Undergrad: 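This is the structure I want to talk about, given as structure tokens.
Please read all numbers here as calculations on a predicted model, not as lab measurements. Every heavy atom of this structure was used, including side-chain atoms; hydrogens, water molecules and symmetry mates were not. All chains are named by letter (A, B, ...) in the order of the sequence lines, taking the proteins before the strands, and each is independently numbered beginning at 1.
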Protein chains: 2
Amino acid sequence: MTELSTMKDGVANQAEASDRVLQILAEAGRLFASKGFEGTSMRDIALACGISKSLLYHHFSNKDEIYARVAVGSTLELYLFVRDRIPDGPPSQKIRAFMVATAEYFRRYRWAWIASTTAFWNDPDRHRHKERLTRRDRFENFLRGLIQEAIDAGEIRKVDVPMTGRLILSSLNWMHRWYNPNKSATPEQIADIFFDMIFNGLRSGQLVELPGAEPPKAGRRKSR
Amino acid sequence: MTELSTMKDGVANQAEASDRVLQILAEAGRLFASKGFEGTSMRDIALACGISKSLLYHHFSNKDEIYARVAVGSTLELYLFVRDRIPDGPPSQKIRAFMVATAEYFRRYRWAWIASTTAFWNDPDRHRHKERLTRRDRFENFLRGLIQEAIDAGEIRKVDVPMTGRLILSSLNWMHRWYNPNKSATPEQIADIFFDMIFNGLRSGQLVELPGAEPPKAGRRKSR
DNA sequence: GTTTTCACCGACCGATCGGTCAAGTCCGGC
DNA sequence: GCCGGACTTGACCGATCGGTCGGTGAAAAC
């Protein structure tokens with residue numbers, strides 16, 4: 001039972017699914033993440049689950065559907081997941097919360113996340129590809145809104161908003177390529193460090209308030 | 001001829017190769033980049049080149065060798081390429097030059113770069129995988145050296161060096177997922193913007209020198 | 001003029017791919 | 001006792017995979 005609940009942890013939003021389906025989604029996610037969609041055969045998935053290949057087709061109509069269930073679980077609700085974790089307060093703190101929440105999502109649904117961001121960055125399925133872009137844009141626009149908010153409040157300087165969003169998302173999205181769950185910090189802690197670096201900058205020196213600008217209370221300046 | 005020289009641009013360090021080999025490497029790079037290694041068949045490559053599949057095996061011993069030639073051309077010399085473009089001067093400017101040079105490399109060998117970073121992040125070929133990690137480490141350690149230099153010179157504050165390196169590389173490595181060569185800035189310009197954001201920070205306010213620290217002349221503070 | 005070399009091709013191979021299907025097992029309700 | 005439905009299987013399918021093989025035609029070497 002502990003094993004099943006562990007597996008459940010890796011699969012997002014599959015509440016109504018049976019244990020077997022959850023097991024398939026978990027194993028498929030791991031395989032898609034490490035070997036890619038094309039590099040993973042239905043036989044691989046069946047073998048990893050200790051079941052026959054036919055059984056996969058009893059629970060899913062085809063390989064694409066397995067991938068879709070894995071990927072949908074990891075990206076469909078990312079926006080909602082993050083949005084609900086943004087507290088009231090200074091805009092810069094909202095940006096930090098955005099980064100930490102995204103990192104938490106990554107930690108919780110790591111394999112599904114990797115599977116969905118690695119495979120199919122040019123999806124041959126046009127409808128699915130378009131839907132993916134829509135979700136990505138909604139997520140990215142949400143972040144841009146927070147950045148604009150912080151600029152309007154005078155907490156951050158007048159930077160290029162889309163480019164700033166890309167920098168922040170890059171720091172989070174690339175994490176799966178080097179993150180090692182057995183070492184170092186949690187994804188949330190890493191996101192926090194990155195926020196500090198990006199917000200306060202690397203440059204040595206001491207910040208003084210600009211006349212007319214609101215005093216930025218947010219963000220910590222810590223040495224490591 | 002112009003067509004051949006254009007193709008040559010996308011393939012690094014294949015000086016001694018024939019035009020046909022260069023064409024195969026260029027087309028294979030594009031295909032590997034957009035569909036992945038497993039998702040690209042030898043028939044796909046042959047079709048894209050307008051030749052028979054047999055001819056691929058006349059010029060290369062197998063599929064792996066084509067991939068290796070594509071990937072090696074893109075990563076083997078990255079370290080040397082970047083190292084030779086680091087000027088003498090303030091350490092922070094070296095970091096900036098590092099970022100701009102990496103971006104230039106990305107622009108010049110875009111498809112090969114994407115192919116080599118997308119496919120095989122868990123390479124089944126153990127020797128090749130180890131070699132790749134070695135090259136990556138050498139590149140990353142080079143950057144860490146520059147960061148440490150900047151800290152010792154008092155140009156940047158006492159941040160966590162490996163984590164700072166990861167932030168910088170993340171901003172560059174994720175670029176291929178959103179960069180559009182037809183729009184906006186060049187990769188070098190983007191790298192320059194990212195350096196400004198990371199070095200100076202997003203936070204509004206004015207920097208004053210810390211007593212005892214060398215005055216950081218490097219890095220520009222610009223609004224966009 | 002003959003032979004060697006080399007870029008190139010169509011036909012073919014065994015293995016594996018995603019996917020199907022008829023048949024069996026298990027199990028609670030009657 | 002048995003019946004219906006959920007779960008599970010091994011045998012099998014056509015298509016495609018990476019890779020091989022014998023051969024062609026033209027230019028280079030002799």
Side-chain angles (χ1 to χ4, degrees), chain A residues 1 3-4 7 14-71 115 119-120 123-125 128, chain B residues 1 3-4 7-8 11 14 16-71 115 118-120 123-125 128:
Chain A
M1 255 313 149
E3 202 180 336
L4 282 177
M7 290 189 300
Q14 311 286 352
E16 74 295 348
S18 70
D19 287 348
R20 171 104 316 155
V21 168
L22 290 179
Q23 181 198 15
I24 293 172
L25 289 175
E27 294 294 344
R30 266 188 269 274
L31 286 168
F32 287 150
S34 61
K35 309 205 306 176
F37 178 80
E38 310 275 0
T40 302
S41 71
M42 295 295 272
R43 285 164 179 85
D44 291 337
I45 300 174
L47 188 66
C49 296
I51 59 176
S52 73
K53 186 164 66 82
S54 309
L55 188 52
L56 296 177
Y57 288 94
H58 175 71
H59 290 293
F60 302 91
S61 62
N62 52 40
K63 188 182 179 182
D64 252 34
E65 194 194 321
I66 298 182
Y67 172 77
R69 286 283 292 275
V70 169
F120 288 149
D123 199 322
D125 183 327
R128 189 172 56 191
Chain B
M1 256 308 148
E3 202 181 338
L4 280 178
M7 289 190 299
K8 221 165 194 169
V11 182
Q14 309 287 352
E16 75 294 350
S18 70
D19 287 348
R20 170 103 319 154
V21 167
L22 291 179
Q23 181 198 14
I24 293 172
L25 289 175
E27 294 293 344
R30 267 188 268 274
L31 286 168
F32 287 151
S34 61
K35 309 205 305 175
F37 178 81
E38 309 275 359
T40 301
S41 72
M42 295 295 272
R43 287 164 178 83
D44 291 337
I45 300 173
L47 188 66
C49 296
I51 59 177
S52 73
K53 188 164 64 81
S54 310
L55 188 53
L56 296 177
Y57 288 93
H58 176 70
H59 290 292
F60 302 90
S61 62
N62 52 40
K63 189 183 178 183
D64 252 34
E65 194 194 321
I66 297 182
Y67 172 77
R69 286 283 291 276
V70 169
T118 297
F120 287 149
D123 199 323
D125 183 327
R128 188 172 57 191

Undergrad: Hey, are the side chains of B:Leu55 and B:His59 touching, using non-hydrogen atoms and a 4.5 Å cut-off?
TA: yes
Undergrad: B:Glu38 CD to C:dT16 P: how many Å, rounded?
TA: 14 Å
Undergrad: Please state whether the phosphate of D:dC7, meaning OP1 or OP2, lies under 4.0 angstrom from any side-chain nitrogen or oxygen of A:His58.
TA: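 Yes, such a contact exists.
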Undergrad: Please report the distance, rounded to the nearest Å, between CG in A:Leu55 and P in C:dG18.
TA: 16 Å
Undergrad: Please report, rounded to the nearest Å, how far the P atom of C:dG18 is from the NZ atom of A:Lys63.
TA: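 Computing the A:Lys63:NZ to C:dG18:P distance gives 4 Å.
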Undergrad: In whole Å, what is the span from the OH atom of B:Tyr57 to the P atom of D:dT20?
TA: 7 Å
Undergrad: Can you measure B:Ile66 atom CD1 to D:dG18 atom P for me and round it to whole angstrom units?
TA: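 Roughly 10 Å, once rounded to whole Å.
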Undergrad: Could you work out which one of C:dG19, D:dC21, D:dC17 sits closest to the side chain of A:Asn62?
TA: C:dG19
Undergrad: Between D:dT20 atom P and B:Phe60 atom CZ, what is the distance in whole Å?
TA: 15 Å
Undergrad: Could you tell me whether the side chain of A:Phe60 reaches within less than 4.5 Å of the side chain of A:Leu25, counting heavy atoms only?
TA: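 Touching, per the 4.5 Å side-chain cut-off.
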Undergrad: Roughly how many Å is it from CG in B:Leu31 to P in D:dC17, rounded to a whole number?
TA: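 For the pair B:Leu31 CG and D:dC17 P, the rounded distance is 12 Å.
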Undergrad: Can you tell me how far the CG atom of A:Asp44 sits from the NZ atom of A:Lys35, to the nearest 0.5 Å?
TA: 3.5 Å
Undergrad: Which residues within residues 44-53 of chain A lie with some heavy atom under 4.0 Å of an atom in DNA chain C?
TA: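 Heavy-atom contacts with DNA chain C come from A:Lys53.
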Undergrad: Does the side chain of A:Val21 come within less than 4.5 Å of A:Arg69's, by heavy atoms?
TA: yes
Undergrad: Just verifying a value: how many Å separate A:Thr40 OG1 and A:Arg30 CZ, rounded to the nearest 0.5 Å?
TA: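 CZ of A:Arg30 is found 13.0 Å from OG1 of A:Thr40.
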Undergrad: Measure the spacing between CD1 of B:Ile45 and CD of B:Gln23 and express it to the nearest 0.5 Å.
TA: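 Going from CD1 on B:Ile45 over to CD on B:Gln23, the span is 11.5 Å.
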Undergrad: What's the CD-P distance between A:Gln23 and D:dT8, to the nearest Å?
TA: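 So the CD-P distance, A:Gln23 to D:dT8, works out to 10 Å.
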Undergrad: Need to verify one output field. Residue with the more 5' nearest nucleotide on DNA chain D, A:Arg43 or A:Leu56?
TA: A:Leu56
Undergrad: Do A:Ile66 and A:Phe32 come within less than 4.5 Å of each other through their side chains, counting heavy atoms only?
TA: yes
